[in-house]
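Note that these values count all heavy atoms, side chains included, but never hydrogens, waters or copies made by symmetry. Throughout, protein chains are lettered first and strands after them, A, B, ... in sequence-line order, and every chain is numbered starting at 1.
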Amino acid sequence: MAPPARYCVPGERLCSVDEATAGGGTYTRHGFIFSSLAGCLEKRSEDNGLPVVSVVRDAESQLLPDVGAVVTCKVCSINSRFAKVHILYVGSTPLKSTFRGTIRREDIRATEKDKISLGDAQSNYLLSTAENELGVVVARSEAGVHMVPISWCEMQCPRTHTKDFRKVARVQPQFLQT
Amino acid sequence: TVEPLEYYRRFLKENCRPDGRELGEFRATTVNIGSITTADGSALVKLGNTTVICGVKAELAAPAVDSANKGYIVPNVELPSLCSTRFRSGPPGEEAQAASQFIADVVENSQIIAKEDLCIASGKLAWVLYCDIICLDYDGNILDASAFALLAALKNVQLPSVTINEETGLSEVNLKQKNPLVIRQHPVATSFAIFDDTLLIVDPTAEEEDLATGTVTVVTDDEGRLCSVHKPGGSPLTGAKLQDCITRAITRHKEVKKLIDKVIKSIKPK
Amino acid sequence: MAATELLSDEGYRADGRRPAELRKVRARMGVFTQADGSAYIEQGNTKALAVVYGPHEIRGPRSKALPDRALVNCRYSMATFSTGERRRRPHGDRQAGELALLLRQTFEAAILTQLYPRSQIDIYVQILQADGGNYCAGVNAATLAVMDAGIPMRDYVCASSAGLAEDTPLADLSSPEEAAGGPQLVLALLPAAGHIALLQLSARLHQERLEAALEAAGAACHALHAVLDRVVRERLREVTALLGD
């Protein structure tokens, strides 16, 4: 591995705003860019304009689910209006501590994901499965066995052969991991 | 992982665990004695990632009316919110209280210290040993770690000699002359987690404890005798399996005793 | 101990230090596995631990969530065996509550909370052995722990106490010096910019003397900054060596 460029610590002045733009792990004050993390300095040159200066840490720090992100979650309670879930993964990175989210009944649908309104200030993540690739990934029947999807809206238990209606996700095979 | 139980079952089928240990193997245990100088005795124990510190402070008090020649030992286990996200701030939760009660039972049943030794003047003055055990990093098996920390800290305690002045009737504490406590027995706890009603694994991590269907803790002393068996509900266990646990606990006792003796010897020249 | 005894005739303090000398500092980062960030610091005989969790979802009532920044939640606790006399209540009493509030305000000034709206950052400080400068050691440990957790901060937060013996300012007071009852102040500084995050003064002090005491505390904070900086850089080197190979 190439020797690291430079280590920086929070509060260290990196350069002035004229020389570069602030990237992740930095902040600006009084026309200068300072580091806000303890890590390695990285300078990336952009095609148009100034290079981007950022500080990266080797270990990953906590990710927060962002608007528009695809998340994997586990349902923990259901009632007729909505389901409460624990958000476990954002994209493909697991979260250290789970966040809570809600899926409203009307948001579990096939298409039209733009129609979700956030409502007033809620501190809950609102999720929707309104896309082809989104939906149920793993399910267990009452016999405790994994169910097999047979169509986009049904799953069947291999042992008891009972069918259940679930909105099934079309998952690419390479993403399936346990 | 999305299906932690399945993940574990795959390992258990091969008779090992995700962290590479065998079913009967303990995590690396280290102990550090006497690091806190404001306490009369202290010990820091690390069982894998689980870190527990025990500090003993001795105070003087009048003995109870019905046991005039006995002192007191007051253990307390604290599981603060800093050791893991599962513990909220506030009054001690039930896990902390259960652990405190368990340690109190171990002290009582094993007669680790004869309370009569703590008495200075019958009916008038006795020592009270406050043993505070704080968990700093929680990764399962808090009972074993706490019992070990308590034992190591008590071995480290040096009590100043106290004499009662005949004329004034007041106690005089001589800080220059300190005597170690007489430890009669060395109880060692060994905990097991029960999986699927059949498999027993020793020294469970926090993740294994969450997935287990029951737990069992066996406390043995020097002569290979049982001090106590703690099985708080959970899936049933056959007599034969319990016997296996006891056998494993006796082996563990020897390992722990050797470790403590080695550490005490290394700090002896003072 | 009367004020005159704090400083001997040759200018040495009770533990053999010069007036502006700090106690020996030993610090380690990343000591615990469960926490996102942790650090342990020893300043002389004072031993402090700090543990950071977060940023994570708000625990408890959702109404407390701030829509534009993270909530910083602090707890300051002294172990029962940390002081000479056994402490009855490790964290329920008012002093612990006040110090926790001070911690929160200090770190809210330093952490870039706008980056994590509607979430919570927990900072827990545990004092294992108290020999003067407990709160300061806690702040220093917390700075290292927040850095270990990868939470962006404006700058280090370095804290030190200072007092006066007659006219000579003393830096980094030990427990017997604190108990002597002279005026003492606690200063928490953001060294690069020289901003004061926290300043607390107890006992009466003539305003002419304030300058001297403040300067002594400031110098002590800068010295501490140098030490902590070394620890952080050492840790960075360690971590990249582990991951790089």
Side-chain angles (χ1 to χ4, degrees), chain B residues 19 27 32 34-44 46-61 74-92 128-140 149 153 156-157 175 205-207, chain C residues 26 30-40 42 44-57 59-60 73-92 96-97 100 120 122-132 134 138 141-142 145 175:
Chain B
D19 56 359
R27 289 174 283 182
N32 194 309
S35 38
I36 309 284
T37 46
T38 47
D40 295 304
S42 61
L44 175 77
K46 276 181 91 120
L47 200 62
N49 289 330
T50 299
T51 310
V52 161
I53 189 166
C54 175
V56 178
K57 287 216 58 94
E59 283 183 4
L60 292 169
V74 183
N76 183 44
V77 176
E78 196 183 316
L79 296 172
S81 27
L82 68 83
C83 65
S84 164
T85 45
R86 62 180 74 202
F87 302 119
R88 302 289 173 86
S89 322
V128 185
L129 293 178
Y130 289 103
C131 313
D132 293 294
I133 301 170
I134 305 184
C135 177
L136 299 174
D137 198 3
Y138 184 86
D139 195 17
N156 179 235
V157 169
L175 286 169
T205 63
E207 215 181 320
Chain C
R26 258 179 301 203
V31 285
F32 295 138
T33 50
Q34 294 295 309
D36 295 320
S38 54
Y40 171 75
E42 273 182 35
N45 282 329
T46 300
K47 300 186 167 96
L49 260 183
V51 164
V52 169
Y53 285 99
H56 57 74
E57 204 182 13
R59 300 266 160 78
N73 171 39
C74 298
R75 276 232 327 161
Y76 179 87
S77 164
M78 294 185 67
T80 49
F81 43 78
S82 59
T83 47
E85 291 292 315
R86 183 172 182 261
R87 281 181 76 87
R88 295 280 141 181
R89 301 183 64 191
H91 34 246
Q120 180 179 333
D122 296 315
I123 304 180
Y124 300 120
V125 170
Q126 174 85 301
I127 307 288
L128 294 175
Q129 196 172 321
D131 188 31
N134 313 322
S175 169

**Asked** Heavy atoms, side chains only, cut-off 4.5 Å: are C:F81 and B:I36 in contact?
**Response** yes
**Message:** For C:V52, which atoms come within 4.5 Å of any heavy atom of chain B: side chain, backbone, both, or neither?
**Reply:** neither
**Message:** Can you give me the closest heavy-atom contact between C:T33 and B:D137, atom names plus distance?
**Reply:** N-OD2, 2.9 Å
**Fill in**
Residue set satisfying side chain to side chain contact (heavy atoms under 4.5 Å, CB included) with C:D122, at least two apart, ordered chain then number -> C:Y53, C:H56, C:N73, C:Q120, C:Y124
**Item:** Max heavy-atom pair count under 4.5 Å with chain B, selected residue of C:I123, C:V51, C:N45
**Value:** C:V51
**Fill in**
dist C:S77:OG -> B:E78:CD (nearest 0.5 Å) comes out at 6.0 Å
**Message:** Can you tell me which portion of C:L49 sits under 4.5 Å from chain B's heavy atoms? Options are side chain, backbone, both or neither.
**Reply:** side chain
**Asked** Considering all heavy atoms of both residues, which atom of C:R75 and which atom of B:S81 are nearest to each other, and what is their separation?
**Response** NE-OG, 4.3 Å
**Prompt:** Hey, are the side chains of B:K57 and C:T80 touching, using non-hydrogen atoms and a 4.5 Å cut-off?
**Reply:** no
**Asked** In Å and rounded to the nearest 0.5 Å, what is the CD to OG1 distance from C:Q34 to B:T85?
**Response** 7.0 Å
**Which portion of B:I134 sits near chain C, non-hydrogen atoms under 4.5 angstrom** = side chain
**Fill in**
For residues 37-44 of chain B against chain C, heavy atoms under 4.5 Å, the residues are B:T37, B:T38, B:A39
**Message:** So, taking the atom named SG in B:C83 and the one named CZ in C:F32, what distance separates them when rounded to the nearest 0.5 Å?
**Reply:** 9.5 Å
